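Every chain is numbered from 1, with letters handed out A, B, ... down the list of sequences. What you see is a predicted model; the values in this text were computed from it and never measured.
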Amino acid sequence: MRPIITLLTDFGTADGYVGEMKGVLLSQAPGAEIVDVTHDIPPQDVETARLTLARVWRRFPHGTVHVVVVDPGVGSSRAALAVASNGRFLVGPDNGVLSPALLLADARVVELAIPRGASATFHGRDIFSPAAAALARGESIDALGRTMDAPQIRRTPEPTRRADGALDGEVIAVDRFGNAITNLIGLRGGTIEVGELVIPVRHTYAEVASGTPVAVVGSTGFIELAVRDGHAATTLGLSRGSRVALRTL
Amino acid sequence: MRPIITLLTDFGTADGYVGEMKGVLLSQAPGAEIVDVTHDIPPQDVETARLTLARVWRRFPHGTVHVVVVDPGVGSSRAALAVASNGRFLVGPDNGVLSPALLLADARVVELAIPRGASATFHGRDIFSPAAAALARGESIDALGRTMDAPQIRRTPEPTRRADGALDGEVIAVDRFGNAITNLIGLRGGTIEVGELVIPVRHTYAEVASGTPVAVVGSTGFIELAVRDGHAATTLGLSRGSRVALRTL
Amino acid sequence: MRPIITLLTDFGTADGYVGEMKGVLLSQAPGAEIVDVTHDIPPQDVETARLTLARVWRRFPHGTVHVVVVDPGVGSSRAALAVASNGRFLVGPDNGVLSPALLLADARVVELAIPRGASATFHGRDIFSPAAAALARGESIDALGRTMDAPQIRRTPEPTRRADGALDGEVIAVDRFGNAITNLIGLRGGTIEVGELVIPVRHTYAEVASGTPVAVVGSTGFIELAVRDGHAATTLGLSRGSRVALRTL
C-alpha cells in the first residue's frame, strides 16, 4: 500500500508554499499519496487548526503521516516535533497544534533536528516535509531526533457546573455554514441558553421551521447551535468564546 | 487500476469535514485515488452543484465514483441515493443535485440504508462516504439499498420561442471570471439581447477590443456573455435568472 | 512509478473547469497522480502565476508534467506551448507564464497543434490537458508540435544600483500573511528603506517584538518585509511595484 501523507496548513495555495512542500514530499517519498486536508485555516490560527486536526487525524488509516503547519513562531526557539500516536504519525511545531495526538497515553514525541541551511521562515518545506517523507518511507521516528518530554499542550476549555446544575460552556468554533459549535456534550432533552434565548436540543436541524434556531448534537458529539436554512452565528451574535449554558431537563 | 473517488461539496476545507470524509474513504477503500472536484460550492447552493456536476462527471473514466454532498436537507426525511449511470457511480442526497446522471436512460438508483449511529448532521461522513467506498471496492450497487423509482429531478430551464422567432432565455450561472453562462444554445451569426444592448455572437473573446462585451459559444455549448479583460456580470448587471434573448440572423 | 501531473490555474474550483481537466487527464493518462498546486491565482494574473511556478516546478521529481493555465489570451493567436526543461515538462500558453522553465539553457519548446473541435474558450481542457496526458504517458514532446523558437519571456525586474551604492528594488509579491517579497537578494547586516522607514535585515521574524517591522531573507533568497504577528503590506502600505531600497553596511 502506498503511504499517505496529509497536509493541514494556513498557507492558502496561491503563493506556492504548499506546492513547494508537495514537490519535496513527492521527491523524498516517491509514490506517496498526498492528501489535502486544508490550506484555509485562518492565518496563524493555531486553535482552529487544533480543532480541525482533532476531527480528522484518526479517521485516516494506520501509518498515515499528518503534516500540520500553522506556525506563528517559525524561526523562534519553539521546537519542531514528530509524534507517533495511535498508529499514525504527525509532524508540526511545538505550539499545541498537535495536542489531539499528544494527549493519548501511547504518544511518542521527538524534537526534530534543524538541518543546516534550513530557511528560518519556511520550516514546512525544509524541516517538516523531509521528516514526513522519512516517516512515510518507513524510517524510525527515533532516527529523527531526541525524545521530547514536555511538548506544549492546548485543550478544549471544559464547561463548569453551576450550583443549580446547569453547565456553563462556550462557543469553540463557527463553521462555514454559520453553525456555532460549543464545548457542551449533551443528549437530546436539554435546552441551551444563549443570553435570554432558550433553545431546545433536537435530533436534527430539520425538526424546526426554516429560519428557526435549533441546537443539535453535532457530528463530533458537541452541541451545535444552528438556524435552519440560516447562519446561526450571525443571527444569534455568536463567535468563538461566546458564553452558552446547557440545562438538562 | 486504482479506483477513483471524486468529491464535490459546499463544505470548504477549513472545518475538517472534508478531511474526515477523506479519512473514511481511504480507510474503507484502501488504495483509492481521491480527487477533489470542488469544496467551494456556495453553501447549500444545490443548483450550482448540479451544473458543476453536469460539466464534470462523464469526463472521468468508467468506474469512477462521484461523491456529491450539497445537502440543505440533511437529517430530514429526504432519501440518500446511490446511482449507476453511463458506467460511473454517484452518491448524494435526493434533492436533484444528481440529476445530470439520473436523466440518462440507463440510470439505476437505490436508496441507501441509514446505518445505526449515523450522525443526523453529517451524512457525508457516515452514509455517503461508506457507500462510495463500497462501490470503489467493487461491491454491487444493489447491495447498498432498495431500488428508488422517483428521485427528485432538477433541470436547466428551457428557452422559449417568441412569435418573432427569437429565443427567450436566462443566465444560469456566473463563473469566477464574471462570464454569464446562459441556457441558449447557439451558433455564431446570431445576436444576444440584454435589455437594450445587442451583442453579436463571436468565435472567441479575442475578436473584440479590451473592455468590449462579446457573446461566445462556451465550452459546454451554451452561449456565454463576456467582457474582454473585464467582468461581464458586473458590467452588464447580470446574475442567475437575468433574462437574455437570442436572435438568429 | 506513476507519472505526476500538477495543476496551476486561476480557475477556482467551483465552476467545474478544474474538475473537467482532471477528468480528461485521468481518462487519457490512466493511473497518473494529479497534484493541485493552486487554482487560486487571482483571475488572469500571469505575473503571480509565473512567480508561483518559479518556486514550485523544480521541487517535483524528474518526469513531472506541470499544467499551467492562466490565460487571458485564450482564443487569440497566442501559441499553446509544451516545454521540456531540467528533466520536467510543462504545458501552458505563450504569455510568459512558463518563463522560469523557458530561461534554462536546456529548454526545448514546441508549439502545440490545435485539435479540430477544440473550444475557443477552454484550452485547458481541450489542448493543454491532452498534451499533458500524452507527456505523462511517455510520448515524445516532438510528436506534439513543431519547434517554437521565440516564446514570450517575462522576467523578475532587476534592482538598479545607485551612485551611493544602495540597491533600488521593488515589491514583487505580497503573500497571504501580508509579507512583502522584494526583488532584493541580500544577506543579514543590511537595512531596507521603505520611504522614510529604515528596517534592519534579521535572521528571522522572531528577533523583533510583536507588531514590529522586520526584514528577513525569505525562503527563495529574496528579502521579505514582515511585521511580526501582523500584516506588513497593510501596515507599511506596500503592494506589487512599491519601491524599496537595500543599503549594505
Could you give the distance from CG (B/Asp15) to OG1 (A/Thr48), rounded to the nearest 0.5 Å? 8.5 Å

Checking A/Asn179 against chain B: side chain, backbone, both or neither under 4.5 Å from a heavy atom? neither

Which residue out of B/Ser76, B/Pro43, B/Pro30 racks up the most heavy-atom pairs below 4.5 Å with chain A? B/Pro43

Using modelled atom types only, decide if a donor and an acceptor are shared between the side chain of A/Thr52 and the backbone of B/Ala14 within a distance under 3.5 Å. yes

Please state whether the side chain, the backbone, both or neither of B/Leu26 comes within less than 4.5 Å of a heavy atom of chain A. both

Shortest non-hydrogen pair, B/Thr13 vs A/Asp40, comes out as OG1-OD2, 3.6 Å

Could you tell me whether the side chain of B/Lys22 and the main chain of A/Asp36 form a donor-acceptor pair under 3.5 Å? yes

To the nearest 0.5 Å, what is the distance between CD on B/Glu20 and CZ on A/Phe60? 9.5 Å

Measure distances from A/Leu51 to the heavy atoms of chain B and classify the residue's part below 4.5 Å as side chain, backbone, both or neither. neither

Between A/Arg2 and chain B, which part of the residue has a heavy atom less than 4.5 Å away: side chain, backbone, both or neither? side chain

Under 4.5 Å heavy-atom distance to chain B, tell me which part of A/His39 shows up: side chain, backbone, both or neither. backbone

Using heavy-atom distances under 4.5 Å, tell me whether B/Arg78 contacts chain A through its side chain, its backbone, both, or neither. neither

At a heavy-atom separation under 4.5 Å, does A/Leu8 approach chain B through its side chain, its backbone, both, or neither? neither

How are the rings of A/Phe177 and B/Phe11 set relative to one another: parallel (under 30°), tilted (30 to 60°) or perpendicular (over 60°)? perpendicular

Give the minimum heavy-atom separation between B/Arg125 and A/Ser219, together with the two atoms involved. NH1-O, 2.8 Å

Test your reading of the model: is there a side-chain donor-acceptor pair from B/Ser27 to the backbone of A/Arg59, 3.5 Å cut-off? yes

A/Arg176 side chain to B/Asp10 main-chain N or O, any donor-acceptor pair under 3.5 Å? yes

